[in-house]
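In what follows, a structure is listed as structure tokens, so that the remarks can point back to it.
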Amino acid sequence: MVRHAWSDGEYIVIVAIFSVSEFKQGDDNQSLCHDIASAFNRTPATIDRQWRNIGDILNGKPAKKIGKKLIYWTRQMLEDKQMIIRTALEYCKQNNWHLFKYLG
């Protein structure tokens with residue numbers, strides 16, 4: 001897999017899924033993690049790392065190596081979770097990411 005920058009759509013979808021999931025589901029040995037990785041053409045380890053980053057942001061841990069866009073979208077989720085979920089559903093539809101079942 002070629003390394004590529006995360007899009008806003010990917011950030012929004014992973015943050016939205018995180019907001020309605022148990023933390024343990026983002027672990028790289030879980031099917032949710034593998035489904036997101038497959039949809040985004042990324043490795044499960046990459047998804048696991050971002051999942052943990054979201055948890056760190058929410059727990060107020062220092063964000064030294066966490067991207068500004070992930071911080072932004074995580075904070076947006078705190079302000080308007082339903083908007084993030086609606087937007088995530090639109091990104092899934094536009095990109096043919098079969099992750100709808102995780103968004104409720």
Taking ring-ring contact (aromatic ring centres under 6.0 Å, His included) as the test, write out the residues that go with Phe40, two or more places apart.
Trp6, Trp97
Please enumerate all residues that pass salt bridge (charged side-chain N to carboxylate O under 4.0 Å, His left out) together with Asp8, with sequence neighbours excluded.
Lys69
Salt bridge (charged side-chain N to carboxylate O under 4.0 Å, His left out) filter on Lys24, not counting sequence neighbours, yields Glu22
Any pair counted as ring pair (Phe, Tyr, Trp, His ring centres under 6.0 Å), so long as it reaches residues 54-74, sequence neighbours left out
none
For Thr43 and Thr46 the tightest heavy-atom approach is OG1-OG1, 2.7 Å
Could you report the tightest heavy-atom contact between Asn41 and His4, atom names first, then the distance?
O-CE1, 3.7 Å
How long is the span from the SG atom in Cys33 to the CD1 atom in Ile47, to the nearest 0.5 Å?
6.0 Å
Can you tell me how far apart CD1 (Ile14) and CG (Leu32) are? Round to the nearest 0.5 Å.
8.5 Å
Check: residues 75-91 side-chain donor-acceptor pairs under 3.5 Å, at least two apart:
{"unit_1": "Asp80", "atom_1": "OD1", "unit_2": "Met83", "atom_2": "N", "d": "3.1"}
{"unit_1": "Lys81", "atom_1": "NZ", "unit_2": "Ser19", "atom_2": "O", "d": "3.2"}
{"unit_1": "Thr87", "atom_1": "OG1", "unit_2": "Met83", "atom_2": "O", "d": "2.8"}

Counterpart residues, side chain to side chain donor-acceptor pair (under 3.5 Å), relative to His34 (two or more places apart)
none
Can you give me every donor-acceptor pair (side chain of residues 50-61, partner residue at least two apart or in another chain, under 3.5 Å) with its distance?
{"unit_1": "Gln50", "atom_1": "OE1", "unit_2": "Asn53", "atom_2": "ND2", "d": "3.0"}
{"unit_1": "Trp51", "atom_1": "NE1", "unit_2": "Phe23", "atom_2": "O", "d": "2.8"}
{"unit_1": "Arg52", "atom_1": "NE", "unit_2": "Asp48", "atom_2": "OD1", "d": "2.6"}
{"unit_1": "Arg52", "atom_1": "NH2", "unit_2": "Asp27", "atom_2": "OD1", "d": "3.2"}
{"unit_1": "Asn53", "atom_1": "OD1", "unit_2": "Arg49", "atom_2": "NE", "d": "3.3"}
{"unit_1": "Asn53", "atom_1": "OD1", "unit_2": "Arg49", "atom_2": "NH2", "d": "3.2"}
{"unit_1": "Asn53", "atom_1": "ND2", "unit_2": "Arg49", "atom_2": "O", "d": "3.4"}
{"unit_1": "Asn59", "atom_1": "ND2", "unit_2": "Gly55", "atom_2": "O", "d": "2.9"}

